[in-house]
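Every chain is numbered from 1, with letters handed out A, B, ... down the list of sequences. Excluded from the calculations below are hydrogen atoms, water molecules and symmetry mates; all remaining heavy atoms, backbone and side chain alike, are included.
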Amino acid sequence: MYICTNSNDRTMGSNVRVRFAPSPTGPLHIGGVRTALYNYLFAKKHGGDFLLRIEDTDQTRFVPGAEKYIVESLAWCGISPDEGIGGEDRGNGPYRQSERKAMYREYAERLLASDKAYIAFDSADELDVMRQMAKEAGAANWQYNYITRGNMKNSLTLPKEEVEAKMAAGEPYVVRIKLPRDHEVRFEDNIRGWVSVNTNNMDDKVLFKADGMPTYHLANIVDDHLMGITHVIRGEEWLPSAPLHVMLYEAFEWSCPEFAHLPLLLKPDGPGKLSKRDGDRLGFPVFPIDWKNEQTGESANGYREFGFYPDAFINMLALLGWNPGTEQEIFDLAELITAFDLSKVSKSGAKFDFEKGKWFNQNYLRGLSQNQLASELKRELDNSGLTYKEEFLGKIASMMSERATFSKDLMTEGMFLFQAPVEYDEKTRKKKWRQESAQMMQDLVNRFVDLKDFTEGPVEEAFKNYLSENDLGFGKVGPSFRLAVTGKGMGPSMFVICEVLGKEEVIERIKKAIRVLG
RNA sequence: GGCCCGUUCGUCUAGCGGUCCAGGACGCCGCCCUUUCACGGCGGAAACACGGGUUCGAUUCCCGUACGGGUCACCA
């Protein structure tokens, strides 16, 4: 039996080193961002290092711009690598596997020399045929393993001379791990506890490809070892290959890092893990920032551009699969670092809930000061090319903030403050605009004309005086007043709106409403 | 299908043998505040997948079943 041999508690001291190792095959999914976040939180919590390494061993899947996207996404989230891509070079580089290509062959050969691996000449096509035949015969999954390898073209079955001749002739070959038969591979996952798999159920995975590049499995183990990684924190989709990785550490006679396999982010509705399609289908982003593949034209929407604040986004992701064990839900990055604990990460997948995500953003927005809200609003207005009075920005921002989830709502929810209504809400018009409304509005105009100070207080006073002097209820005049000035049936206090709009504008709007609504 | 992992309100989750006729949050519903909307306050409906054990006692431990997920490439 092989048991992962790792030293007991590596969170002590300041030697924790973790890495986020994405493959640059496209934009980074929010699940990936969460993995990076957990790695980062764990490292910072223990005073360790967070490295960013690019796993680009598959030349065929390289997507230009993807690496830059990854770095920019993490930066937006406030996750900064201590070392590696986007961080410092501390002598453990290069940090792109494609640039480390030369060193992997040596490790493959080491395994070959110690009989932990072997050379195989079977082509990908030949293997496909084997799999296909097995499938048609109704057999279980065909595997290249301790049973089948005896019938394949490899250095275990072929005479030594023939193997050498083939290699000399330049025939393509791969290096496969030689798994021992019937051994229980065990390792203790920091989230799941003991995980155990028998090598009889595993296959002799390719470690080194015919194109001269290592596979993920080899490169990953070699790099983690060389870079001194102490904790491997990654998605659950890696759990099935973790035993193979343990066997590789074993074969190299290296000690294993600690493992922690994170639960997956699942679709909000149906079964399966969250995908780009779900975002398109359900109308929410699945990526941190906007993405555009210049070659294919493929694009995707991001949280940043959707209007999320990085803190809110991070807060939302952190709570998806982890909780502090208390009732606190609102955290900034620093608080997350102190509260984070791998043992509090849940085991089961989390269905993604965009509604809750919006709540985090709304919550964050409410925490902003009036000045901050004002500058958010100003930015939105400037982007839209709308005109506004600078001195009212703060007032408008705080007035609109209670009905805003995103910065853009500060503006869009109060559009009538920047543009005169072009149409009037039909429902309100039918229910509230009566025969006598036009006359009432005219009466109000007459009173407003004489008002010297057209601020909230005086406007309210004038309005209420009109009501009491004519024995009218608020409900008789208020709604049509609002309709006339804003075109809407609901919204913030009319008196504040009047102050912001100014006397001339209010009077003009009422007059127009009288003409249009009759 | 094989292997691995998982299973508490609709959703995210608390719970690490008695404190649980199960707590919080989002969402939903109602009431109050406001002669509008929103905010806020208060309240409500809503869950331990099932079956066996172990135990004086299981949401909590073990085993099955069911269901869900992941993975089975010279991709990561």
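For the C1' atoms, the distance linking rC42(B) with rU34(B) amounts to 16 Å, nearest Å. Here, rC50(B) and rC3(B) have their C1' atoms 24 Å apart, quoted to the whole Å. Distance noted for atom C1' between rA14(B) and rG52(B): 28 Å (whole Å). Here, rU60(B) and rU54(B) have their P atoms 15 Å apart, quoted to the whole Å. Using atom C1' as the reference point in both rC4(B) and rC29(B), the two lie 43 Å apart (nearest Å). Spacing of P atoms, rG44(B) relative to rG24(B), comes out at 10 Å, to the nearest Å. Rounded to whole Å, the separation between the P atoms of rG23(B) and rU59(B) comes to 15 Å. Look at the P atom in both rG27(B) and rU11(B): the space between them is 16 Å, to the nearest Å.
Picking from rC74(B), rU13(B), rA73(B) the nucleotide with the shortest atom distance to the side chain of Ser346(A) gives rU13(B). When each of rG70(B), rC3(B), rC12(B) is scored by its nearest atom to the side-chain atoms of Lys273(A), the top-ranked nucleotide is rG70(B). The Asn201(A) side chain lies nearest to rC3(B) when the options are rC3(B), rC72(B), rG70(B). Considering only side-chain atoms of Phe474(A), the nucleotide from rU35(B), rC75(B), rU71(B) that sits closest is rU35(B). Comparing rC4(B), rC12(B), rC74(B) by their closest approach to the side chain of Val174(A) singles out rC74(B). Of the candidates rG1(B), rG24(B), rC39(B), rG24(B) carries the atom nearest the Lys356(A) side chain, counting heavy atoms from C-beta on. Of the listed nucleotides (rC74(B), rA14(B), rU8(B)), rA14(B) has the atom at the smallest distance from the side chain of Lys344(A). Listed candidates were rA76(B), rC74(B), rC26(B). Nearest to the side chain of Arg61(A) is rA76(B). In the set rC26(B), rU71(B), rA76(B), rU71(B) carries the atom at the smallest distance from any side-chain atom of Pro240(A). With rU71(B), rG23(B), rG6(B) as the candidates, the nucleotide lying closest to the side chain of Glu327(A) is rG23(B).
Residue contacts for Gly321(A): at a heavy-atom cut-off of 4.0 Å it reaches the sugar-phosphate backbone alone, with no base atom in range. Using a 4.0 Å heavy-atom cutoff across all strands shown, Asn200(A) reaches no nucleic acid atom at all. Using a 4.0 Å heavy-atom cutoff across all strands shown, Ser196(A) reaches sugar-phosphate atoms only and no base atom. Across all strands, Gly491(A) comes closer than 4.0 Å to base atoms (heavy-atom distances). Contacts of Asp58(A) with the nucleic acid, taken as non-hydrogen atoms under 4.0 Å apart, involve only primed sugar atoms and P, OP1 or OP2. Arg192(A) comes within contact range of the sugar-phosphate backbone alone, with a heavy-atom separation under 4.0 Å but no base atom that close. Within 4.0 Å (heavy atoms only), Gly235(A) reaches no atom of the nucleic acid at all.
Two rings, from Phe208(A) and His217(A), have their centers 6.0 Å or more apart. A centroid separation of 6.0 Å or more is found between the aromatic rings of Phe360(A) and Phe313(A). Taking the six-membered ring where the residue is Trp, the centroids of Trp359(A) and Tyr364(A) are separated by 6.0 Å or more. No close placement of the Trp322(A) and Tyr38(A) rings is indicated, their centers lying 6.0 Å or farther apart.
On a pure distance criterion of 3.5 Å, no polar donor-acceptor pair joins the side chain of Asp211(A) and the base of rC74(B).
Atom C1' of nucleotide rC26(B) and atom NZ of Lys351(A) are separated by 15 Å, given to the nearest angstrom. Distance, Lys347(A) NZ to rG69(B) C1': 15 Å, rounded to whole Å. The interatomic distance linking Ile54(A) (CD1) with rA76(B) (P) rounds to 14 Å, in whole Å. As rounded to whole Å, 16 Å separates atom C1' of rC72(B) from atom CG of Asn198(A). Between Trp194(A) atom CH2 and rC5(B) atom P there is a gap of 13 Å when expressed in whole angstrom units. Atom CG in Leu274(A) sits about 11 Å away from atom P in rG70(B), given to the nearest Å. Rounded to whole Å, atom P of rG68(B) lies 15 Å from atom CG of Asp269(A). As a whole-Å value, the separation of Tyr173(A) OH from rC74(B) C1' is 13 Å.
OP1 or OP2 of rA14(B) has at least one side-chain nitrogen or oxygen of Asn323(A) nearer than 4.0 Å. The phosphate of rA73(B) has neither OP1 nor OP2 within less than 4.0 Å of any side-chain N or O from Arg176(A). Under 4.0 angstrom from either OP1 or OP2 of rC75(B) there lies no side-chain N or O belonging to Ser23(A). Listed pair Thr57(A) / rA76(B) meets the phosphate criterion, a side-chain N or O lying under 4.0 Å from OP1 or OP2. When the side-chain nitrogen and oxygen atoms of Arg366(A) are compared with OP1 and OP2 of rG40(B), one or more of them lie within a distance under 4.0 Å. When the side-chain nitrogen and oxygen atoms of Arg131(A) are compared with OP1 and OP2 of rA73(B), one or more of them lie within a distance under 4.0 Å.
The partner of rU11(B), taking Watson-Crick or G-U wobble pairs whose two distances both stay under 3.5 Å, is rA25(B). Summarising the base pairing, rG40(B) is matched to rC32(B) through a Watson-Crick or G-U wobble pair whose two defining distances lie under 3.5 Å. Judged by Watson-Crick or G-U wobble contacts below 3.5 Å, the nucleotide rC20(B) has no partner. Shown here, rC67(B) forms a base pair with rG6(B); the pair counts as Watson-Crick or G-U wobble because both key distances fall under 3.5 Å. Pairing of rU55(B), defined by two Watson-Crick or G-U wobble distances under 3.5 Å, is not identified with any nucleotide. Applying the Watson-Crick and G-U wobble criteria (two distances, each under 3.5 Å), rA45(B) pairs with nothing in any strand.
No side-chain donor-acceptor contact under 3.5 Å links Tyr173(A) and Asn154(A).
Asn39(A) places no side-chain N or O within donor-acceptor distance of the main-chain N or O of Phe20(A), the cut-off being under 3.5 Å. Remark: side-chain polar atoms of Gln372(A) are paired, donor with acceptor, to backbone N or O of Ser369(A) under 3.5 angstrom.
Where Ser123(A) and Pro268(A) each meet RNA chain B at their nearest nucleotide, the meeting point lying more 5' is that of Pro268(A). Heavy-atom nearest nucleotides on RNA chain B were determined for Glu355(A) and for Ala350(A), and the one closer to the 5' end corresponds to Ala350(A).
Contact record, Tyr144(A) with Ala120(A): OH-CB, 3.6 Å, taken as the closest heavy-atom pair.
Here the options are Glu67(A), Lys101(A), Arg53(A), Glu55(A), the test is side-chain contact (heavy atoms from CB on, under 4.5 Å), and the partner is Arg96(A); only Glu67(A) passes.
Taking the six-membered ring where the residue is Trp, Phe354(A) and Phe308(A) present tilted rings, their angle falling between 30° and 60°.
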